[in-house]
Amino acid sequence: MSDDLTIRGGGVVAVATDDHLLLGALLLDLGEACASWADRVESVSTDDVSLAPVGPTIVPQADAGAGSGAAARAATSLRRASDDASRLGGHLIVGAEQYGELERMVQSLFTFTGDAAGWVLGASPLIPLGVLAAVGEVTLVRTVFRGVLGLLSSDLQDGFDEASAKTARELMSSPAFVALVRGVVSGSDEFLISAFGLPAMLDANRLSEEGITGVAFAALVALGTVDRAGLLTPAAPVRTVEVKAQGAPAPLKPPTRYEDLVERMPHGGAGSPQIRIERYEDASGADQWIVWSGGTIETGFPEASTEPFDNRSNVNAVAGMEAESAEATLQAMRLAGIPDGASVLHVGYSQGGIIASRIAASGTYDSSVVTFGSPVESIDFADDLPRTHVEHTEDVIPALSGERRDSLNGGTVVQRSLYDGGPPPAGDDPLPAHNLDRYRETARLIDQSSEERLAPAIDPLAGLTGTGEVWQYRADKVLP
């Protein structure tokens with residue numbers, strides 16, 4: 001498991017920042033220190049050292065110029081060391097920037113290729129039908145083979161099921177699979193554009209003029225398709241209520257770090273809160289609000305469910321439509337008394353990150369946003385909106401919003417590889433890289449980083465005074 005972080009922001013990538021950038025900063029500091037000492041030594045070299053004080057007497061030097069010459073040579077060496085350290089430190093920074101430019105060019109090439117492939121598939125329906133037929137054949141063969149094993153021995157069938165689950169788990173935790181999913185999702189809009197008979201490589205900006213952008217357009221079509229198929233729970237109004245804590249509340253200290261934000265994320269579950277809100281005052285006495293939105297709770301496709309943090313909200317949120325989980329969060333914010341224009345740090349995990357991002361991007365509040373494991377690439381943010389998005393390269397969930405086609409508009413993406421190209425550790429979690437505990441470990445590494453781009457999103461946490469207030473909220477759909 002790697003402790004290296006990759007930080008992407010403003011179109012530039014810095015690789016392994018905890019080693020790369022820290023070493024660069026140390027070299028630049030060393031260069032400045034050597035230059036400063038060179039100046040001091042040079043000033044000494046011009047002093048008159050023909051007489052040196054020793055105790056109460058003055059002793060003449062055998063070689064009056066020896067001290068000055070030695071000081072001058074030392075100053076020259078220090079100056080050379082300063083130049084070398086500064087040059088090496090600069091090369092590290094420039095190298096990171098050049099790597100970022102190269103990666104951006106390669107990513108643009110992959111995006112273009114994916115879009116082209118998507119259009120070709122949409123224009124040639126026999127190709128995707130052939131792929132679906134192949135998948136169907138594999139599924140049928142697997143089902144028959146499993147049945148035969150069951151007739152022979154239940155132990156053989158159980159072993160086959162275990163091996164299948166392990167294979168699927170390792171596949172979905174592969175960076176290559178995550179990259180494939182991101183590419184397929186990114187090309188899904190071109191597939192639909194072609195399937196509808198529209199021109200090849202239609203500029204996504206044209207769609208955005210109509211309020212539809214790339215992946216969001218594809219998600220909108222997918223929403224209509226699965227909704228008509230009855231795979232999603234029906235849309236319903238949402239009712240949000242406060243969940244009172246048992247006993248006397250403990251004094252609440254303000255969060256100060258990324259890890260604190262993960263620790264306070266609501267976990268949801270039957271009857272448990274999905275939303276948490278805290279209020280503090282800064283040094284000027286102004287209110288600072290922090291709003292947490294948790295992840296997807298209902299991950300299946302039940303015929304009826306009162307859970308608003310479900311797959312309908314997932315698809316709606318990516319498509320830019322009204323999501324019940326977003327309405328639940330907005331209701332909680334109104335119940336807590338957060339006024340329009342208030343300073344709010346929005347924090348979200350998984351689906352909650354989409355909700356946090358969309359509310360922050362709405363411009364209703366003076367916002368900053370931090371997300372963990374969330375598909376937010378399809379959201380349009382203002383350039384001056386401070387935000388940090390944390391992802392694991394083996395986590396497929398952030399890939400479900402595809403690849404951003406433009407710059408990050410001032411945002412920062414932090415990526416970390418958990419398994420260094422190897423399989424995930426054994427366990428029952430089908431998506432171990434999406435686990436909130438793993439994101440807590442990554443948040444701890446972020447807190448240890450000296451990277452300046454990580455600061456703006458959590459600047460609202462600086463200078464909070466005293467103890468705060470906390471509210472927790474539970475939302476449910478009101479079914480007919």
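Note that the numbering runs from 1 along the sequence shown for the chain. Note that these values count all heavy atoms, side chains included, but never hydrogens, waters or copies made by symmetry.
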Stepwise side chain to side chain donor-acceptor pair (under 3.5 Å) check, S174 with E394: CA-CA 5 Å; S174 164; E394 299 88 354; over 6 Å; no

Mind running side-chain contact (heavy atoms from CB on, under 4.5 Å) on E278 and W471 for me, showing each step along the way? CA-CA 6 Å; E278 295 180 9; W471 299 266; over 6 Å; no

The test is side chain to side chain donor-acceptor pair (under 3.5 Å); show your working for Q351 and T296 and say whether it passes. CA-CA 6 Å; Q351 179 182 154; T296 303; 2.9 Å; yes

Between V376 and R358, does a side-chain contact (heavy atoms from CB on, under 4.5 Å) hold up when you go through it step by step? CA-CA 9 Å; V376 296; R358 290 213 172 272; over 6 Å; no

Please determine whether side-chain contact (heavy atoms from CB on, under 4.5 Å) holds for the pair R453 and I7, giving the CA-CA distance in whole Å, both sets of side-chain angles, and the decisive distance to 0.1 Å. CA-CA 8 Å; R453 284 175 291 178; I7 299 178; 3.9 Å; yes

Please lay out, stage by stage, how Y280 and I290 fare under the test side-chain contact (heavy atoms from CB on, under 4.5 Å). CA-CA 9 Å; Y280 299 91; I290 310 172; 4.1 Å; yes

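Looking only at side-chain heavy atoms (C-beta outward), V413 and Q415 come within less than 4.5 Å of each other. A 4.5 Å side-chain heavy-atom check between L400 and V318 finds every atom pair outside the cut-off. When side chains are defined from C-beta on, L431 counts as touching I397, because their heavy atoms get closer than 4.5 Å. Looking at M265 and V347, their side chains come closer than 4.5 Å, going by heavy atoms from C-beta outward. Between L464 and E281 there is no side-chain heavy-atom pair separated by less than 4.5 Å. Between R416 and L445 there is a side-chain heavy-atom pair separated by less than 4.5 Å. Within the 4.5 Å cutoff, the side chain of R438 has no heavy atoms near those of the L436 side chain.
Both cation-pi conditions hold for R387 and F381: the charged atom is under 6.0 angstrom from the six-membered ring centre and inside a 45 degree cone around its axis.
At a cut-off of 3.5 Å, with distance as the only test, no side-chain donor of Y258 or T442 sits close to an acceptor on the other residue. Looking only at atom types and distance, the side chain of D282 has no donor-acceptor partner in the side chain of T465 under 3.5 Å away. Donor-acceptor pairing under 3.5 Å is recorded for the side chains of Y439 and D395. Side-chain contact annotation: S343 with Q288, donor-acceptor N/O pair under 3.5 Å present.
Using a 4.0 Å cut-off between a side-chain N of Lys or Arg and a carboxylate O of Asp or Glu, R444 and E441 do not qualify as a salt bridge. The pair K477-E307 does not count as a salt bridge, with every side-chain nitrogen at least 4.0 angstrom from each carboxylate oxygen.
Heavy atoms from other residues, nucleotides or ligands lying under 6.0 Å from CZ of R257 number more than 12. Residue E322 places its CD atom among 12 or fewer non-hydrogen atoms of other residues, nucleotides or ligands, all under 6.0 Å distant.
Remark: F372 CZ to R440 CZ distance equals 11.5 Å, nearest 0.5 Å. How far CG of L385 is from CG of D380: 12.0 Å, rounded to the nearest 0.5 Å. Note: R264 CZ to E259 CD = 11.5 Å, rounded to the nearest 0.5 Å. Atom OG of S374 and atom CD1 of I379 lie 8.5 Å apart (nearest 0.5 Å). To the nearest 0.5 Å, the span separating OG1 on T371 from CG on L261 amounts to 11.5 Å. Between the CG atom in D459 and the CG atom in L345 there is a gap of 10.5 Å [rounded to 0.5 Å].
For the pair S350 (side chain) and G295 (backbone), a donor-acceptor distance under 3.5 Å is absent. Using a distance-only test at 3.5 Å, with no hydrogens or angles considered, no donor-acceptor pair links the side chain of H392 to the main chain of S417. The main-chain N or O of S313 is found under 3.5 Å from a side-chain atom of D310 such that the two form a donor-acceptor pair. The backbone N or O of W292 lies less than 3.5 Å from no partner atom in the side chain of R276, so there is not a single donor-acceptor pair. Judged purely by atom type and a 3.5 angstrom limit, S357 uses its side chain to pair as donor or acceptor with the backbone of G353. Not a single donor-acceptor pair under 3.5 Å links the side chain of D366 to the backbone N or O of A342. With S449 contributing its side chain and E451 its backbone, the two residues share a donor-acceptor pair below 3.5 Å. Side-chain N or O atoms of Q274 include none that pairs as donor or acceptor with a backbone N or O of P266 at under 3.5 Å.
Legend: ring-ring contact (aromatic ring centres under 6.0 Å, His included) pairs involving residues 341-365, not counting sequence neighbours, sorted by first then second residue: Y349-H434.
In terms of heavy atoms, A356 sits closest to G348 at CB-N, 4.1 Å. Across all non-hydrogen atoms, the minimal contact from E324 to P308 is CB-CB, 3.9 Å. Nearest heavy atoms, S367 versus P386: O-CD, 3.6 Å. Between I277 and W289, the closest heavy-atom pair is CG2-CE3, 3.9 Å. For the pair T256 and L461, the tightest heavy-atom approach, listed with the atom from each and the gap, is C-CD1, 4.0 Å. Closest of all the heavy-atom pairs between P425 and Y419 is CD-CE2, 3.5 Å.
In this view, E298 satisfies the salt bridge (charged side-chain N to carboxylate O under 4.0 Å, His left out) rule with no residue, not counting sequence neighbours.
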Listing, residues 326-336 side-chain donor-acceptor contacts under 3.5 Å, not counting sequence neighbours, or none:
{"unit_1": "E327", "atom_1": "OE2", "unit_2": "Q331", "atom_2": "NE2", "d": "3.1"}
{"unit_1": "E327", "atom_1": "OE2", "unit_2": "R334", "atom_2": "NH2", "d": "3.2"}
{"unit_1": "T329", "atom_1": "OG1", "unit_2": "S293", "atom_2": "OG", "d": "3.4"}
{"unit_1": "T329", "atom_1": "OG1", "unit_2": "S325", "atom_2": "O", "d": "3.0"}
{"unit_1": "Q331", "atom_1": "OE1", "unit_2": "T240", "atom_2": "N", "d": "3.1"}
{"unit_1": "Q331", "atom_1": "OE1", "unit_2": "T240", "atom_2": "OG1", "d": "2.9"}
{"unit_1": "Q331", "atom_1": "NE2", "unit_2": "V238", "atom_2": "O", "d": "2.9"}

